[in-house]
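Excluded from the calculations below are hydrogen atoms, water molecules and symmetry mates; all remaining heavy atoms, backbone and side chain alike, are included. Order of appearance sets the numbers: ligands from 1, and atoms from 1 within every ligand.
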Amino acid sequence: MKILRNKYEMAAQFTLWKKAGLRIGIVPTMGNLHDGHLSLLNSLEGRADKIVTTIYVNPLQFAPNEDFNVYPRTHEQDFAKLRETGKCDAIFLPEHMYEEGHATTIHPAGVALGYETEFRPHFFQGVATIVHKLFQQTGADIAVFGEKDYQQLQVIRQMVADLDLSVEILASPTIRETDGLAMSSRNGYLAPAERQIAPILYQIMQETADQIRGGSPVDTVLSQACNNILASGFSTIDYFRYCNAQTLAKADSHIETGMLLAAIHLGKVRLIDQLKV
Ligand code: PAF
């Protein structure tokens with residue numbers, strides 16, 4: 001497993017692979033890897049000849065009040081986990097991604113509007129810009145993203161279509177702890193008492209999904225769910241909504257391609273989750 005520390009080392013490697021006719025799959029991450037990330041590598045099995053995991057904490061997707069400085073950087077543990085999978089051919093670990101004077105960014109609209117953007121207006125501009133740069137720098141033929149960050153996945157799909165990028169996008173299902181909590185690097189910030197509360201979100205999402213499938217009025221079901229979330233000890237709700245999974249447009253009654261999207265604060269942690277309904 002090679003460690004490539006800048007775009008020149010990465011380019012030298014992908015040029016060799018391309019010359020050999022190999023298909024490159026990438027797993028973009030910000031590090032602090034957990035089983036959710038490792039499942040992304042698994043999902044590339046049989047779809048890529050070489051797998052590159054990228055690790056870069058992207059300043060452009062953090063607002064000044066967010067956790068960029070304290071975001072867990074656990075390179076040695078990450079390397080060990082990746083080595084253990086036996087599936088990762090290289091780690092792309094650039095120190096810098098923005099040269100002095102960098103001034104070009106991607107501003108996604110469409111599926112980027114609403115939800116996360118209402119609360120983190122800077123976020124998708126940062127994500128789209130770094131993901132585009134990672135595609136370019138790694139020579140990716142296929143890239144895999146987790147469905148947990150569902151709006152992010154849709155924004156990336158839209159960027160690929162809109163900008164005619166020749167990278168296939170693969171979605172990988174949300175991986176959960178045994179109690180249902182969606183895996184996330186930020187779960188590590190939860191205090192023990194909060195960690196007990198956190199899985200209740202998924203329970204409430206499942207109950208809500210059952211009620212929507214059963215034909216109950218969506219608005220009523222969602223507002224009851226929000227009351228239950230707050231009564232369970234969560235701090236505030238950014239959103240808890242039901243939408244069309246392709247367009248992210250609000251859905252007022254059960255639809256074939258429906259999805260619940262949630263972003264909920266618990267202490268200092270903002271949990272996000274999704275569930276197909
Ligand atoms: O989902 C993430 O970890 C990040 O948003 C990504 C896609 C690696 C871009 O920095």
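The existence of a salt bridge linking K50 and D141 is excluded, since no basic side-chain nitrogen approaches an acidic carboxylate oxygen closer than 4.0 Å.
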Check each N or O atom of ligand 1 against all protein N or O atoms and list the pairs under 3.5 Å, with atom names and distances to 0.1 Å, one per line.
residue	atom	partner	partner atom	Å
ligand 1	1 (O)	Q152	NE2	2.8
ligand 1	5 (O)	Q61	NE2	3.0
ligand 1	5 (O)	Q152	OE1	2.8
ligand 1	10 (O)	Q61	OE1	2.7

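Side-chain atoms of E147 and M259, non-hydrogen and from C-beta on, never get closer than 4.5 Å to each other.
Screening residues 67-79 for salt bridge (charged side-chain N to carboxylate O under 4.0 Å, His left out), with sequence neighbours left out, gives D67-R186. Among residue pairs with one or both ends in residues 263-273, those qualifying as salt bridge (charged side-chain N to carboxylate O under 4.0 Å, His left out) are E116-R270, R176-D273, D238-R270; sequence neighbours excluded. Contacts classified as salt bridge (charged side-chain N to carboxylate O under 4.0 Å, His left out) and involving residues 154-172 (residues at least two apart or in different chains) are given here: R23-E168.
No more than 12 heavy-atom neighbours from other residues, nucleotides or ligands sit within 6.0 angstrom of NE2 on H96.
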